[in-house]
Colleague: 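Okay, here's the structure, questions in a sec.
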Amino acid sequence: MRKKIVLIDGHSILNRAFFGLPDLTNAEGLHTNAVYGFLNILFKVLEEEQPEYLTVAFDVHAPTFRHKMYDAYKGTRKPMAEELRQQVPLIKQVLEAMGIKIMEKEGYEADDILGTIATTAQEEGLEVSVISGDRDLLQLADEHIQIRIPKTKMTGTEIENYYAKDVVARYQVSPKEFIDVKALQGDTADNIPGVPGIGEKTATNLIVQYGSIENAYEHVEELKPPRASKNLKEFWQQAVLSKDLATIRTRADISYDLKEAKLGELYTQEAYALFQRLEFKNLLNRFDDSAKVVTKHECVLIQNKDEAAAILAKAKEATKDDLLAFYIVQEEQQVLGVAIAYAKDQMFFLQAQEVGQMSFFDDDARADALELLNQLKQVIASAAKVSAFHLKEAVKMMQLRYQPKYFDPEIAEYLCNPLKKSYPYEDIASQTGLGMLPTKNETLGKTSDAKALKEDTGHYMTYLGNLLYTTYACVSVYEEKLKKEKMQKLFEEMEMPLVFTLASMEKWGIKVKAEELKAYSQQLSEKIAVLEKEIYAIAGEEFNINSPKQLGVILFEKMQLPNAKKTKTGYSTAADVLEKLAKDYPVVSKVLDYRQLTKLKSTYADGLATCIASDGRIHTTFQQTVTATGRLSSTEPNLQNIPVRIELGRLIRKVFVPEDGYVFVDADYSQIELRVLAHMSGDENLIEAYKSAQDIHTATASKVFHIPMEEVTPQIRRNAKAVNFGIVYGISSFGLSQDLSITRQEAQEYIKQYFETYPKIKTFLDGLVEDAVNTRMAITMYGRKRPVPELSSGNYMQRQFGERIAMNSPIQGTAADIIKIAMIRVDQRLKKEKLQSRLLLQVHDELLIEAKQEELEQVKQILSEEMEHAAELSVKLEIDMHSGNNWYEAK
DNA sequence: CATATCACG
DNA sequence: ACGTACGTGATATGC
């Protein structure tokens with residue numbers, strides 16, 4: 001039995017995998033599909049062959065890839081897709097981590113390396129398998145050299161196998177003759193000229209008959225067809241050159257030590273860590289426990305009160321001039337305990353007294369938890385620096401006041417990488433070089449915290465240890481990182497103080513009239529029932545109007561309505577499609593009304609009702625680490641999308657009311673994004689338009705369409721307004737034409753006129769794109785960054801999208817920065833001036849304050865001062881402000 | 001769990 | 001020849 005060696009054509013297999021799989025990315029935004037596909041092919045081959053030796057060969061330079069199957073017809077080489085290029089170093093890293101031999105040598109193509117090793121290995125008595133997606137390698141097939149070509153199919157990976165005899169069976173020629181066929185036929189993708197007029201058929205026939213180009217040349221007068229005879233004579237030198245180009249070297253001057261190719265343990269710790277980072281979850285099952293445990297951090301469980309007190313005292317002493325890290329473990333309003341660290345190896349979990357299982361509210365337990373938090377608060381108060389996981393929650397629970405010493409790891413990581421879906425501690429640990437830690441899920445499985453703590457205490461202490469260690473040890477790393485990225489001020493002076501402002505807003509919540517909400521819901525129900533009946537009557541049957549699928553069938557099949565537009569899954573029934581049909585088909589306008597009403601009922605009337613807490617108020621959560629641009633978001637419930645544009649929806653704002661003795665004051669910035677644009681671009685015309693206190697959309701209309709201000713009709717003003725919006729979004733003629741229902745040409749003309757009116761805006765936006773292409777970042781006035789990986793995509797659409805992001809993010813982000821500053825200052829001033837009025841909500845460019853009746857004037861003063869002077873721009877920041885006895889009135 | 005739709009800035 | 005406006009979150013449906 002011969003020993004086996006497997007040789008892999010690295011770039012070729014990577015390429016195959018890349019085109020065979022949909023795009024995959026990990027949390028860092030790295031593209032991983034090619035690496036993943038490569039590994040799947042690798043593991044499949046290894047399982048089938050059980051080889052002794054393995055080597056992967058790469059070309060040293062791979063600036064281009066031969067897309068034979070994809071664009072051979074163009075006879076060109078495309079530059080390698082960026083998404084694929086990124087994965088070349090990655091696969092090498094993976095292979096190294098698994099201890100797999102990589103061969104590459106300057107001056108040689110991977111083919112030559114494979115050819116040489118394969119030939120030598122066969123001579124030395126090995127059985128050889130060469131894995132490649134490239135049929136050129138078939139010339140290497142021999143008695144003991146098998147060429148294997150994987151095909152990614154729907155059903156998985158299938159592999160075509162060729163020994164020498166299989167090549168003859170399939171192509172009529174031997175592997176050696178295969179070279180001659182190619183020499184005649186040529187290969188545009190490989191820059192092999194071949195002989196003109198000879199294609200695959202003729203080439204094969206000639207070589208079947210004569211065995212080689214040399215022999216064919218000797219009989220050149222007899223060749224058929226005559227064209228072949230004539231051209232081979234004429235292009236003989238070119239044929240000889242082609243043969244040379246097509247020949248894979250089998251005696252390349254490479255030093256190759258078979259011992260280095262011997263397969264060892266593939267499933268190493270390094271490989272495990274890398275697979276984790278790349279999020280190859282399926283492949284992680286292949287590892288056993290020895291690979292998984294890299295570092296272990298444990299919390300020491302403290303249940304005894306005296307011991308807890310001793311530890312808190314020690315922590316207090318140790319952190320007087322030093323860092324304290326903590327995390328409050330809670331579940332459903334119940335504090336289970338407090339994890340604290342006062343050094344990297346001094347981590348404890350102080351368990352709160354258990355709440356009795358029988359009684360839902362256990363006053364003793366509650367008092368105990370409060371006492372624990374109170375003690376923690378004192379340690380926090382005296383600590384020099386404090387890092388807390390979920391800082392905002394802690395601020396709410398212990399009513400902490402802002403001091404510059406606080407640190408929130410999730411927010412630090414968010415500033416460094418704002419595109420991630422979430423910020424779990426293990427990502428923070430890996431990003432700050434603290435190692436690959438097991439996730440909460442991996443340590444505990446899917447159970448509740450309370451259950452895990454009780455029934456799996458050991459693992460729970462490991463989970464907390466990992467979380468807390470990360471919270472403690474990441475601080476110094478991020479401080480350096482933020483300094484280096486010039487985001488230190490942004491973090492310390494904007495995001496951290498904001499945590500405290502948001503905590504206060506969430507804690508206050510907003511009062512909602514539950515009964516009125518219910519009445520509103522019932523009102524809607526009645527109207528919905530009427531519409532429902534009418535729609536069924538017209539349709540002639542009952543169906544689920546809320547199902548786009550069923551609705552599409554009814555409208556576009558049964559009722560044969562025109563202009564059916566398709567989505568992936570069926571007909572589009574989106575509002576913009578239906579609106580075009582509404583005036584001709586009453587049923588469509590009823591459907592639109594129905595949609596509106598059911599939306600109001602389910603999301604707002606009924607949805608909000610379930611969110612009213614026992615204090616009669618709704619406490620939203622403001623997310624500080626979600627958006628790519630630096631805006632906030634609001635969840636459970638979302639109070640940033642309460643209806644306002646349509647009257648019936650707007651009415652719902654009447655249920656949001658101030659407490660007795662208070663009024664609402666609502667202030668919103670007037671076109672803050674356009675003003676930011678005017679400032680950042682420095683366009684004199686736009687700045688001047690604002691300085692002369694004109695209505696900006698009318699002024700734009702007048703200038704862009706060359707008509708006097710007085711003659712700007714509402715319609716023309718609307719168009720100008722759409723253009724202004726478009727500019728902020730990163731304008732495209734298509735988008736604008738859609739929005740205004742005009743042709744692309746007209747939209748293009750509007751844009752052209754706009755840029756002629758405000759020339760510096762064009763320069764500015766082009767500059768933003770150029771900078772983003774160079775730095776791969778969009779950046780705000782305050783230094784907030786957003787990576788724009790779309791700009792390096794191989795896909796034109798994606799790159800186009802990247803350009804719009806590059807234009808929009810600095811504008812939207814700067815506006816978001818400014819209102820954050822305003823929020824902090826308004827909040828801090830209300831507190832400093834010892835007012836009872838409080839900030840409740842932020843809706844991107846709007847703040848809502850619940851003002852004590854007697855403080856109304858003072859509050860208005862504070863709002864206008866702090867909002868208008870949050871940033872000093874070359875145009876004034878103006879606000880609109882209203883007060884009222886509910887949100888409807890105040891807006 | 002993904003998709004379509006629609007509410008907001 | 002393509003097929004897009006920027007940023008979010010909640011709900012209902014249907015696989």
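Naming: A, B, ... by sequence-line order, numbering from 1 per chain. None of these values were measured; they are calculated from a predicted model.
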Colleague: So if I apply the side chain to side chain contact (heavy atoms under 4.5 Å, CB included) rule between A:K392 and each of A:D408, A:T621, A:L498, which one comes out positive?
Modeller: A:T621
Colleague: Under 4.0 Å, counting only non-hydrogen atoms across every strand here, what does A:V843 touch: a base, just sugar-phosphate, or nothing?
Modeller: sugar-phosphate
Colleague: Using whole Å, report how far OH of A:Y796 lies from P of C:dT4.
Modeller: 13 Å
Colleague: How is A:L736 classified with respect to the nucleic acid when contacts are heavy atoms under 4.0 Å: base, sugar-phosphate, or nothing?
Modeller: base
Colleague: I'd like to know if A:K420 and A:E413 make a salt bridge, using a cut-off of under 4.0 Å between side-chain N and carboxylate O.
Modeller: yes
Colleague: Which nucleotide sits closest to the side chain of A:D845: B:dT5, B:dG9, C:dG9?
Modeller: B:dG9
Colleague: Would you mind classifying the nucleic acid contact of A:Q623 as base, sugar-phosphate or nothing, using non-hydrogen atoms under 4.0 angstrom?
Modeller: nothing
Colleague: Strictly by Watson-Crick or wobble contacts shorter than 3.5 Å, is anything paired with C:dC2, and which nucleotide is it?
Modeller: none
Colleague: Does a distance-only test, which skips hydrogens and angles, find a donor-acceptor pair under 3.5 Å between the side chain of A:N641 and the base of B:dA7?
Modeller: yes
Colleague: Taking the side chain as every heavy atom from C-beta outward, state whether A:V591 and A:T573 have any pair of such atoms under 4.5 Å apart.
Modeller: no
Colleague: Going by modelled atom types, is there a donor-acceptor pair between the base of B:dG9 and the side chain of A:R645 at under 3.5 Å?
Modeller: yes
Colleague: Take atom CD1 of A:I731 and atom P of C:dC6, then tell me their distance rounded to the nearest Å.
Modeller: 12 Å
Colleague: Counting any heavy atom closer than 4.0 Å, what does A:S572 reach on the DNA or RNA strands: base, sugar-phosphate only, or nothing?
Modeller: sugar-phosphate
Colleague: Only one of A:V655, A:V843, A:I652 clears side chain to side chain contact (heavy atoms under 4.5 Å, CB included) with A:I642; which?
Modeller: A:I652
Colleague: To the nearest Å, give me how far apart NE2 (A:H844) and P (C:dT8) are.
Modeller: 10 Å
Colleague: Aromatic rings A:F543 and A:Y536: how do their planes relate, parallel, tilted or perpendicular, breaks at 30° and 60°?
Modeller: perpendicular
Colleague: Write down the distance separating the C1' atoms in C:dC2 and B:dC6, rounded off to the nearest Å.
Modeller: 28 Å
Colleague: Under 4.0 Å between any heavy atoms, over every strand shown, what does A:Q800 touch: base, sugar-phosphate, or nothing? Just pick one.
Modeller: nothing
Colleague: Roughly how many Å is it from CD in A:Q842 to C1' in C:dT8, rounded to a whole number?
Modeller: 12 Å
Colleague: What contact category does A:D739 fall into here, base, sugar-phosphate, or nothing, at under 4.0 angstrom with non-hydrogen atoms?
Modeller: base
Colleague: Need one value for A:N544: base, sugar-phosphate or nothing, where a base atom within 4.0 Å counts as base even if backbone is also close, heavy atoms only.
Modeller: sugar-phosphate
Colleague: Let's see if you can work this out: which of C:dG3, C:dA10, C:dG14 has an atom nearest to the side-chain heavy atoms of A:R744?
Modeller: C:dG3
Colleague: Output, in order, the C-alpha distance, side-chain angles, deciding distance and verdict of salt bridge (charged side-chain N to carboxylate O under 4.0 Å, His left out) for A:K762 and A:D683.
Modeller: CA-CA 9 Å; A:K762 168 99 177 108; A:D683 185 278; over 6 Å; no
Colleague: For a quick check of understanding: with a heavy-atom distance under 4.0 Å over all strands, which category does A:G726 fall into, base, sugar-phosphate or nothing?
Modeller: base
Colleague: Contact class for A:T598 vs. all strands (heavy atom < 4.0 Å): base, sugar-phosphate, or nothing?
Modeller: nothing
Colleague: State whether A:K549 places a side-chain N or O below 4.0 Å from either non-bridging phosphate oxygen (OP1 or OP2) of C:dC15.
Modeller: yes
Colleague: Between A:S602 and A:F734, which is nearer to the 5' end of DNA chain C once each is assigned its nearest nucleotide?
Modeller: A:F734
Colleague: Just checking A:K558: does its NZ atom have more than 12 heavy atoms from other residues, nucleotides or ligands closer to it than 6.0 angstrom?
Modeller: yes
Colleague: Using atom CD of A:E846 as one end and atom C1' of B:dC8 as the other, report the distance to the nearest whole Å.
Modeller: 10 Å
Colleague: NA contact type, A:E673, heavy-atom cut-off 4.0 Å: base, sugar-phosphate, or nothing?
Modeller: nothing
Colleague: Counting only side-chain N and O atoms of A:R631, is one of them less than 4.0 Å from OP1 or OP2 of C:dT8?
Modeller: no
Colleague: Please report, rounded to the nearest Å, how far the P atom of B:dG9 is from the CG atom of A:N724.
Modeller: 17 Å
Colleague: Can you see if the side chain of A:T603 gets near the phosphate of C:dG9 - specifically, an N or O under 4.0 Å from OP1 or OP2?
Modeller: no
Colleague: Under 4.0 Å: is that the gap between some side-chain N or O of A:T635 and OP1 or OP2 of C:dG9?
Modeller: no
Colleague: Atom CD of A:Q550 and atom P of B:dA4: how far apart are they, to the nearest Å?
Modeller: 16 Å
Colleague: Would you measure the distance from the C1' atom in B:dA2 across to the matching atom in C:dA5 and give it in whole Å?
Modeller: 24 Å
Colleague: Any sub-3.5 Å donor-acceptor pair from A:E673's side-chain atoms to A:V728's backbone N or O?
Modeller: no
Colleague: Under 4.0 angstrom, heavy atoms only, what part of the nucleic acid is A:A816 near: base, sugar-phosphate, or nothing?
Modeller: nothing
Colleague: Figure out the CG/C1' separation between A:N808 and C:dT4, and round it to whole Å.
Modeller: 14 Å
Colleague: For A:S547 and C:dG14, is the shortest distance between a side-chain N/O and OP1 or OP2 below 4.0 Å?
Modeller: yes
Colleague: So does A:T569 get a side-chain nitrogen or oxygen closer than 4.0 Å to the phosphate oxygens (OP1/OP2) of B:dA4?
Modeller: yes
Colleague: In terms of side-chain heavy atoms of A:K599, which of C:dT8, B:dA7, B:dA4 is nearest?
Modeller: B:dA7
Colleague: Would you indicate what A:A815 reaches in the nucleic acid, counting non-hydrogen atoms under 4.0 angstrom: base, sugar-phosphate, or nothing?
Modeller: nothing
Colleague: Just checking A:A722: base, sugar-phosphate only, or nothing, at a heavy-atom cut-off of under 4.0 Å?
Modeller: base
Colleague: Output the single nucleotide from C:dT11, C:dT8, B:dA7 whose closest atom is nearest the side chain of A:A628.
Modeller: C:dT8
Colleague: Given the structure, check if the side chain of A:R595 and the base of B:dT5 hold any donor-acceptor pair shorter than 3.5 Å.
Modeller: no
Colleague: Please pick, from C:dT4, B:dT5, B:dC8, the nucleotide with the shortest atom-to-atom distance to any side-chain atom of A:P643.
Modeller: B:dC8
